[in-house]
Asks: 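My questions will all concern the structure given below.
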Amino acid sequence: MILGMHAAVRSRVRDVLVDLYDLDSNRLPDVAIQYPPDRSMGDLGVTVAFELARVLRKAPRAIAADIVGALGPIEGVDRVEPAPNGYVNIFLDRARFVREALGPRPAPAGRGIRKAIVEHTAINPNKAAHVGHLRNAALGDTLVRLLRFLGIPVEIQNYIDDTGVQVADVVVGFRHIEQLSLEEVAALSERPRFDYHCWDLYTRVTAWFEDDPDRLALRARTLHDLENDADPTAQLGHLIADRIVRCHLATMDRMNIEYDLLTWEGDILRLRFWSRAFEVLQQTGAIRLETTGPQAGCWVMPLDSDTPPPVDAGPADEGGPKSKSKVIVRSNGTVTYVGKDIAYQFWKLGVLERDFHYRLHGTQRSGHALWSTTSTTEEAGRSQAAFGKADAVYNVIDTRQAYLQQLLKQALTAVGRAREAERSVHVSYEMVALSPATARALGHDLDPDAERPFVEVSGRKGLGVKADDLLDRLTEAARREVLARHDDLSADGAEAHAIATAIATAAIRYFMIKYSRGKLIAFDIDEALSFEGESGPYVQYAAVRATNILRKLYDRDGLDDGALVAALAKLPATPLEDPGDGTVAWGLLFEAARLDEVADQSIRALELSVLAKYAFGLAQMFNTFYHRCPVVAEEDEPTRLWRAAAVLYCRLQLTRTLALMGCEVPPRM
RNA sequence: GCGCCCGUAGCUCAGCAGGAUAGAGCAUCGGUCUUCUAAACCGAGGGUCGCUGGUUCGAGUCCAGCCGGGCGCGCCA
């Protein structure tokens, strides 16, 4: 809503500057729009007078006065004032603004991206999901919702590494430690929390390898066998990966997270994506066969370096700059992890000229279909949507993979795809570790000498907070709170459960989003279980309070949303102009209108904490309003109705903001 | 050694396409429920924005160099 006003003001100011000072319209400084610290000073502020002071050799104050004098009427603007220090302050036509805000939301622009792919979650399918995975998924899913909010079509992919060491290790565990047959594992996998069983087994395998390193030969053989479909090992691997993925999907469903496509690494191998990527890389000279030195026999990709070594500098010794290169194909002919990833990235961007087959994996809670890649045509279903071939790709992966993600961009550049490289975005974020208190609570012995503020999660050691355990505890805590507040709810009833679930989801999703992504989270269980202060439930609570007010108005006056909006059309605007409580109501309405700007900024900076902070700030402002400006009890009708409008609009925007974070507003709490 | 990230109140963090008086949550202390739900609100205390220099009318925000911390840099995945 507010971005439209920015654009109108900016464009008008630019026109005026050109006229006033005979400036070249291409060389105008950016007309920055900001917000005065207090609504009584104005709604929008323009600082361009400061920028021009030097060029024009004129005091900012005089320039501001010139601008204000020349500006003339702007649609939606009530008046403009020059501040004594040089700001140009703009006051909006408040009544008109509110009436428009409560109308339909204009279609978003879409910003020239035909289709974006967001890859997130991508948990190794060999054990239960933990809190670190929740950060990834919460960031990824919020990114998806924001992009769609801005009008960009998005395809959500979840990459499954079903042929890696992690799955291999669990296979070894079932075979050699638990000594179970395929059928026995299949039966076990039908029982609840198979992922928890594998979590424990995985740590046992790790210890088992440590006891006797010779056993690592079993891992190597298993890893090899996993790639051969006919092998019984591969069948066991498939079974485990498939069942664990179902567990992960169920966990993510509790977070309101769904996907469009599961991409299996096994399919990338079987369909020989790599061999096609290799052709492209080789033909374009992006990789070369090393004939001498330690990398002899390998296909390598030279790494970017600002100063390539001189040709005739002789053999590179200690002193000289060493040209580095990354091995893509090993001397034994097998492809490295980077190579597989390059092939996958090429496919996402439609530069591979090869495709998967697809089968329907299932239907998700929302009714949306989930597809899965497959490598055989016989089980392939008919996909309604074409997958891949995006013109922007967002890979949500933690910062430890930054080097690898950089290599992907470099490979694209090297094959002459600079545009695709630019639109390959690594959405990086710091890891989730454990606070010392939480690590201790999990039974982990801390070294008393090492006073580190966090303990790294380790799947191998089984050290971590499992996602479902956390969600269970959150739900239980929320249920207790709700039952304490509402006598009519039965302890095990569906309504209490639904409310508790919504609160738990909001609590964890908000928690995972509120830190900026470059910040390491030292996850503390007690902190995460808090529903007070800056938290998801705080934001939900504000929206629920708004609902209560509107319900009371309806019950007493028969005033529903439509009737309220209709009444505003011919209501005098004076209560909104009142410098006391009118400023509170207007300030709330104005802040609520900033969602479009906030969404835009979140995507521009890929900083989703901006959205979370906005949600909290708006909820805070609503609570201030709530305590200062009674609605139902207000006797003056215009004042009451404008306040009701503030409540209605604030609830609408809070609901939208929560929805962008994958959170719902419960009917009560 | 090179690259990326972090350093703001006792703790955890916002603020960074420069702009008006540096904010919030938690914790501490003191208030507010016969009122639209106290998961809330009001108030108090608490800051050399790591250090030094630079750019600018203006720097927590941009640049450079330091200091401290984290992560990454394999013919592993």
Side-chain angles (χ1 to χ4, degrees), chain A residues 30 32 34-38 41 45 47 50-51 53-54 59-60 83 85-87 89 124 161 163-166 168 223 265 290 294-300 303 324 326-338 340-341 398-404 406 428-431 433 435 452-454 456 478 481-482 484-486 503 514-522 524 527 530-535 537-538 540-542 544-553 601 604-605 607 609-610 612-613 616-617 619-620 622-624 626-634 643 647 668-669:
Chain A
D30 280 343
Q34 48 197 228
Y35 302 104
D38 186 310
M41 299 167 75
T47 56
F50 298 107
E51 312 257 358
R54 188 185 175 83
N85 51 8
Y87 286 92
N89 287 334
N124 270 303
D161 180 3
T163 56
V165 216
Q166 298 218 16
L223 212 41
E265 180 168 271
E290 211 70 279
Q295 294 176 338
C298 298
W299 284 88
V300 303
L303 297 186
K324 286 188 179 170
K326 177 75 190 171
V327 172
I328 307 293
V329 181
R330 303 183 189 102
S331 54
N332 67 6
T334 57
V335 61
T336 60
Y337 179 75
V338 197
K340 280 183 268 188
D341 237 31
D398 79 63
T399 183
R400 288 172 290 194
Q401 305 270 2
Y403 173 62
L404 198 74
Q406 194 53 41
S428 76
Y429 61 92
E430 259 293 354
M431 62 179 172
S435 73
R452 287 159 58 105
F454 62 88
E456 193 170 346
E481 292 284 329
V482 172
R485 279 157 224 259
H486 302 282
I503 293 170
K514 74 171 177 179
Y515 300 94
S516 43
R517 61 195 167 89
K519 224 88 165 188
L520 185 144
I521 299 180
D524 189 83
E527 201 187 327
S530 166
F531 299 153
E532 288 168 14
E534 194 197 338
S535 68
Y538 177 97
Q540 289 176 308
Y541 188 62
V544 167
R545 282 179 145 179
T547 302
N548 289 341
I549 294 173
L550 297 170
R551 187 190 299 124
K552 280 244 155 113
L553 280 177
Q601 193 188 342
R604 198 174 46 227
E607 190 50 89
S609 62
V610 169
K613 298 290 175 186
F616 177 61
Q620 240 178 348
F622 177 82
N623 277 326
T624 303
Y626 182 90
H627 284 276
R628 281 186 54 180
C629 304
V631 181
V632 178
E634 172 59 43
R643 285 180 183 174
V647 173
R668 56 175 169 161
M669 64 188 280

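All heavy atoms count here, side chains included; hydrogens, waters and symmetry mates do not. Naming: A, B, ... by sequence-line order, numbering from 1 per chain.
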Asks: Can you tell me the distance, in whole Å, between the CZ atom of A:R517 and the P atom of B:G15?
Replies: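 It is 12 Å, rounded to the nearest whole Å.
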Asks: Looking only at the side chain of A:D161 (C-beta and beyond, no hydrogens), which of the listed nucleotides B:U37, B:A77, B:A39 gets closest?
Replies: B:A77
Asks: Counting side-chain heavy atoms from C-beta on, which of B:A40, B:G7, B:A17 comes nearest to A:E532?
Replies: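 Comparing B:A40, B:G7, B:A17 against the side chain of A:E532, the answer is B:A40.
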Asks: If I take atom CG in residue A:L303 and atom P in nucleotide B:G3, what distance separates them, rounded to the nearest angstrom?
Replies: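 After rounding, the reported distance stands at 14 Å.
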Asks: How is A:N623 classified with respect to the nucleic acid when contacts are heavy atoms under 4.0 Å: base, sugar-phosphate, or nothing?
Replies: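 Sugar-phosphate contact only.
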Asks: Within the 4.0 Å heavy-atom criterion, would you say A:V329 contacts the bases, only the backbone, or no part of the nucleic acid?
Replies: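 No contact.
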Asks: When all nucleic acid strands are considered with a 4.0 Å heavy-atom cut-off, which category describes A:R545: base, sugar-phosphate, or nothing?
Replies: sugar-phosphate
Asks: Consider the side chain of A:V632, meaning its heavy atoms from C-beta on, and name the nucleotide among B:A38, B:C36, B:G7 that approaches it most closely.
Replies: B:C36
Asks: Heavy atoms only: give me the nearest A:P36-A:N89 pair and the separation to one decimal.
Replies: CG-OD1, 3.9 Å
Asks: At under 4.0 Å between heavy atoms, what does A:Y541 touch on the DNA or RNA strands: base, sugar-phosphate, or nothing?
Replies: base
Asks: NA contact type, A:D341, heavy-atom cut-off 4.0 Å: base, sugar-phosphate, or nothing?
Replies: nothing
Asks: Does A:D30 CG have over 12 foreign heavy atoms under 6.0 Å away?
Replies: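 Open: at most 12 neighbouring heavy atoms sit under 6.0 Å from CG of A:D30.
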Asks: Between A:L223 and A:V165, what is the shortest heavy-atom contact and its length?
Replies: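 Of all heavy-atom pairs spanning A:L223 and A:V165, the closest is CD1-N, 3.6 Å.
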Asks: Under 4.0 Å, counting only non-hydrogen atoms across every strand here, what does A:P294 touch: a base, just sugar-phosphate, or nothing?
Replies: base
Asks: Who is the Watson-Crick or G-U wobble partner of B:C62, with both distances under 3.5 Å?
Replies: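 Base-paired to B:G54.
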Asks: Is the distance from OP1 or OP2 of B:A39 to the nearest side-chain N or O of A:R485 less than 4.0 Å?
Replies: yes
Asks: Any side-chain N or O of A:K514 under 4.0 Å from OP1/OP2 of B:G25?
Replies: no
Asks: Would you classify A:S331 as touching base, sugar-phosphate or nothing, given that sugar-phosphate means primed atoms plus P, OP1 and OP2, and contacts are heavy atoms under 4.0 Å?
Replies: base
Asks: Regarding A:Q620, tell me which of base, sugar-phosphate or nothing describes its non-hydrogen contacts under 4.0 Å with the strands shown.
Replies: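 Sugar-phosphate: the residue A:Q620, judged by heavy atoms under 4.0 Å, touches backbone atoms but no base.
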Asks: In whole Å, measure the gap between the P atoms of B:A20 and B:C6 for me.
Replies: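 It works out to 23 Å between them.
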Asks: Of all the nucleotides listed (B:A77, B:C13, B:A20), which has the minimum atom distance to the side chain of A:N85?
Replies: B:A20
Asks: When we call it a touch if two heavy atoms are under 4.0 Å apart, what does A:I503 touch: a base, just sugar-phosphate, or nothing?
Replies: base
Asks: Does OP1 or OP2 of B:C57 have a side-chain N or O of A:R54 closer than 4.0 Å?
Replies: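 Checking A:R54 against B:C57: at least one side-chain N or O falls below 4.0 Å of OP1 or OP2.
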Asks: Applying a 4.0 Å non-hydrogen cut-off, can you work out what A:V482 is touching in the nucleic acid: base, sugar-phosphate, or nothing?
Replies: base
Asks: Between B:A39, B:C71, B:G7, which one does the side chain of A:E456 approach most closely?
Replies: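 Given the options B:A39, B:C71, B:G7, the side chain of A:E456 is closest to B:C71.
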Asks: To the closest 0.5 Å, what do you measure between NZ (A:K613) and CD (A:E534)?
Replies: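 The CD atom of A:E534 is 3.5 Å from NZ of A:K613, to the nearest 0.5 Å.
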Asks: Please pick, from B:A77, B:A20, B:G74, the nucleotide with the shortest atom-to-atom distance to any side-chain atom of A:K326.
Replies: B:G74
Asks: To the side chain of A:L404, which of B:A40, B:A77, B:A17 is closest?
Replies: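 Nearest listed nucleotide: B:A77.
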Asks: When the P atoms of B:C11 and B:C16 are compared, how many Å lie between them, rounded to an integer?
Replies: 23 Å
Asks: Under 4.0 Å between any heavy atoms, over every strand shown, what does A:R668 touch: base, sugar-phosphate, or nothing? Just pick one.
Replies: base
Asks: Which part of the nucleic acid, if any, lies within reach of A:Y403 when heavy atoms closer than 4.0 Å are counted: base, sugar-phosphate only, or nothing?
Replies: sugar-phosphate
Asks: Between A:F616 and B:A24, do the rings stack, that is, sit under 5.5 Å apart with planes less than 30° off each other?
Replies: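 The ring of A:F616 is not stacked on B:A24.
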Asks: Name the closest nucleotide to the A:Y538 side chain, picking from B:G19, B:C41, B:A77.
Replies: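 Closest of the options to the side chain of A:Y538: B:C41.
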Asks: So A:N332, base contact, sugar-phosphate only, or nothing? Heavy-atom distance under 4.0 Å.
Replies: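 The answer is nothing, as A:N332 stays clear of every strand by at least 4.0 Å.
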Asks: Which nucleotide in the set B:U37, B:G15, B:A77 lies at the smallest distance from any side-chain heavy atom of A:V610?
Replies: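 Side chain of A:V610 sits closest to B:G15.
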Asks: Which heavy-atom pair separates A:Y538 from A:G533 by the least distance, and what is that distance?
Replies: CB-O, 3.1 Å
Asks: Would you measure the distance from the P atom in B:A9 across to the matching atom in B:U48 and give it in whole Å?
Replies: 8 Å
Asks: Does B:A39 pair with anything, Watson-Crick or G-U wobble, both distances under 3.5 Å, and if so, with which nucleotide?
Replies: none
Asks: For the side chain of A:L520, counting heavy atoms from C-beta on, which of B:C75, B:G70, B:G19 is nearest?
Replies: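 Shortest atom-to-atom distance from the side chain points to B:G70.
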Asks: Both distances under 3.5 Å, Watson-Crick or G-U wobble: report the partner of B:G1, or none.
Replies: B:C73
Asks: Watson-Crick or G-U wobble partner for B:G7, using a 3.5 Å limit on both distances?
Replies: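 Check on B:G7: paired to B:C67, both distances under 3.5 Å.
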Asks: Need the pair for B:G23. Rule: Watson-Crick or G-U wobble, both distances under 3.5 Å, any strand; none if unpaired.
Replies: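 Matched B:G23 with B:C13 under the 3.5 Å cut-off.
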Asks: With a 4.0 Å cut-off on heavy atoms, is A:T624 in touch with a base, just the backbone sugar-phosphate, or nothing at all?
Replies: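 Sugar-phosphate: the residue A:T624, judged by heavy atoms under 4.0 Å, touches backbone atoms but no base.
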